[in-house]
Amino acid sequence: MRILCVDDDKKDRELLLAAVKEAKPDAEVMVFEKQAHLVKEAGSGGCDVAMLDINMSGLHGLDLGMFLKEISPNTNIIFVTAHPEHAVKAMEMRASGYIVKPVTAEKVKNELSDLRYPIVRKKKKEKLLRIQCFGNFDVFTPSGERVHFERSRGKEVLAYLVHRHGSSCTTKEICAALFEDAPYDKKLQNAIQTIIYSMIRSLKKIGAEAVIERSYNSLAVNIDYVECDYYKFIEVEGNTPNAYQTEYMSQYYWAEFFFDW
């Protein structure tokens, strides 16, 4: 279960975090001071339960709940407040629960035991590529066969997207990395589009086109579909450069100074 909480009062945040962890010790719990930070995390990582203080500066808790419902209708919204008069409005928007401060583990446990929407576990996505970033950048199928790219620049575009770790990149940003000081004119725009299409065709041939997420004028790598030594490196707590005694994407100049070994 993934629980995101927000309260702009430091003491109340600390009490809320302690109560939720005691009530649901196996849950992933994150607590925020700013509403925008919670929304961003819910959008990127999902949210099973959102515990929202109602009276906050900026976006009101009830409005925040409605906004989260628009993003994900099945998010369980539990309002937390010192003002019980808001309960009627909270229930009108089909909130899952309502807690009157002070928050206790018992109150949290009662609400979590009777959620409006059941928690559905998503199946783990199958890895479509195995990617090597340390040493020369290289790409393999899950069975270990090296992936052939129609154009070397197409492979480099994928390398840059992998380097960005799932962040969305515009074609202009990709051009700036791959072609450095070249003017971003119509000729270069056409060239990068050709390169991108060739990369996607190469991935499509091996059934891995889902690795690339496309939106208007931007691309990103879906990190759920790749197994990558660089991602493993940055995910391990306390990692050090000694974990890999080699260079990072050594054939690409833009990656040369990424790690200060």
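For the numbers below, each heavy atom of this structure counts, side chains included, while hydrogens, waters and symmetry mates do not.
A side chain to side chain donor-acceptor pair (under 3.5 Å) with D138 is found for exactly one of Q251, Q132, K155, namely K155.
Here the CD1-CG distance, from I3 to L112, works out to 5.0 Å after rounding to the nearest 0.5 Å. A distance of 10.0 Å separates CZ of F137 from CD of E156, quoted to the nearest 0.5 Å. Here CG of D7 is found 9.0 Å from OG1 of T81. Values are rounded to the nearest 0.5 Å. Here SG of C175 is found 9.5 Å from CG of D185. Values are rounded to the nearest 0.5 Å. Once rounded to the nearest 0.5 Å, the distance linking CE of M56 with CG of L64 reads 5.5 Å. A distance of 11.5 Å separates CD in E209 from CE in M199, rounded to the nearest 0.5 Å.
A 4.5 Å side-chain heavy-atom check between M51 and I99 finds at least one atom pair inside the cut-off. Residues V226 and V211 meet the side-chain proximity criterion, which asks for heavy atoms closer than 4.5 Å. Residues K24 and K109 are not in side-chain contact: their nearest non-hydrogen atoms beyond the backbone lie 4.5 Å or more apart. Here the side chains of V157 and L161 are in contact, with some heavy-atom distance below 4.5 Å. Taking the side chain as every heavy atom from C-beta outward, V221 and L158 approach each other to under 4.5 Å. Looking only at side-chain heavy atoms (C-beta outward), V20 and E22 stay at 4.5 Å or farther from each other. Proximity of I223 to Y231: side-chain heavy atoms (C-beta onward) are separated by under 4.5 Å at one or more points. Counting only heavy atoms from C-beta outward, the side chains of L115 and I78 approach each other to under 4.5 Å.
At most 12 non-hydrogen atoms from other residues, nucleotides or ligands lie less than 6.0 angstrom from OH of Y197. Other residues, nucleotides and ligands contribute at most 12 non-hydrogen atoms within 6.0 Å of the CD atom of E145. A 6.0 Å sphere centred on CZ of F67 holds no more than 12 heavy atoms belonging to other residues, nucleotides or ligands. More than 12 heavy atoms of other shown residues, nucleotides or ligands fall within 6.0 angstrom of atom CZ in R116. Other residues, nucleotides and ligands place no more than 12 heavy atoms under 6.0 Å from the NZ atom of K21.
At a cut-off of 3.5 Å, with distance as the only test, a side-chain donor of S218 or S168 sits close to an acceptor on the other residue. With hydrogens and angles left out, the side-chain atoms of H163 and Y248 include a donor and acceptor closer than 3.5 Å. Between the side chains of R164 and Y160, at least one donor-acceptor pair of N or O atoms lies under 3.5 Å. Of the N and O atoms on the side chains of E180 and W254, not one donor lies less than 3.5 Å from an acceptor on the other residue.
Both M30 and I77 are members of a single hydrophobic cluster when ILVMFWY side chains are connected at heavy-atom separations under 4.5 Å. V6 and L15 are assigned to two separate hydrophobic clusters, defined by single-linkage of ILVMFWY side chains at heavy-atom distances under 4.5 Å. M249 and V147 fall within the same hydrophobic cluster, defined by Ile, Leu, Val, Met, Phe, Trp and Tyr side-chain heavy atoms under 4.5 Å apart, directly or through other members. Neither F140 nor Y230 shares a network with the other; the hydrophobic side chains, linked directly or stepwise wherever heavy atoms of I, L, V, M, F, W or Y lie under 4.5 Å apart, form separate groups for each. Note on Y225 and L129: same hydrophobic cluster, where clusters join Ile, Leu, Val, Met, Phe, Trp and Tyr whose side-chain heavy atoms are under 4.5 Å apart, directly or indirectly.
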Worksheet entry | Check against side chain to side chain contact (heavy atoms under 4.5 Å, CB included), L203 and R201 | CA-CA 5 Å; L203 294 176; R201 283 196 303 270; over 6 Å; no

Fill in: From CA spacing to verdict: salt bridge (Lys or Arg N to Asp or Glu O under 4.0 Å), E33, K10
CA-CA 8 Å; E33 177 185 1; K10 182 179 179 181; over 6 Å; no

Worksheet entry | Check against salt bridge (Lys or Arg N to Asp or Glu O under 4.0 Å), D53 and K101 | CA-CA 10 Å; D53 181 38; K101 294 180 180 180; 3.2 Å; yes

Item to complete: Could you walk me through whether E28 and R2 pass salt bridge (Lys or Arg N to Asp or Glu O under 4.0 Å), step by step?
Response: CA-CA 5 Å; E28 179 185 356; R2 198 163 196 260; 3.2 Å; yes

Worksheet entry | Criterion ring pair (Phe, Tyr, Trp, His ring centres under 6.0 Å) on Y184 and F179, from CA distance to verdict | CA-CA 9 Å; Y184 187 64; F179 297 99; 10.0 Å; no

Worksheet item: So V108 and V103, side chain to side chain contact (heavy atoms under 4.5 Å, CB included) or not? Walk me through it.
Response: CA-CA 7 Å; V108 173; V103 180; 3.6 Å; yes

Discussion item. Please determine whether side chain to side chain contact (heavy atoms under 4.5 Å, CB included) holds for the pair T75 and C47, giving the CA-CA distance in whole Å, both sets of side-chain angles, and the decisive distance to 0.1 Å.
Written reply: CA-CA 6 Å; T75 296; C47 178; 4.0 Å; yes

Worksheet item: side chain to side chain contact (heavy atoms under 4.5 Å, CB included) between Y252 and L178: does it pass, once the steps are laid out?
Response: CA-CA 9 Å; Y252 302 131; L178 271 63; over 6 Å; no

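Ring orientation note: the planes of H37 and F32 are nearly perpendicular, at an angle over 60° on the 30°/60° scale.
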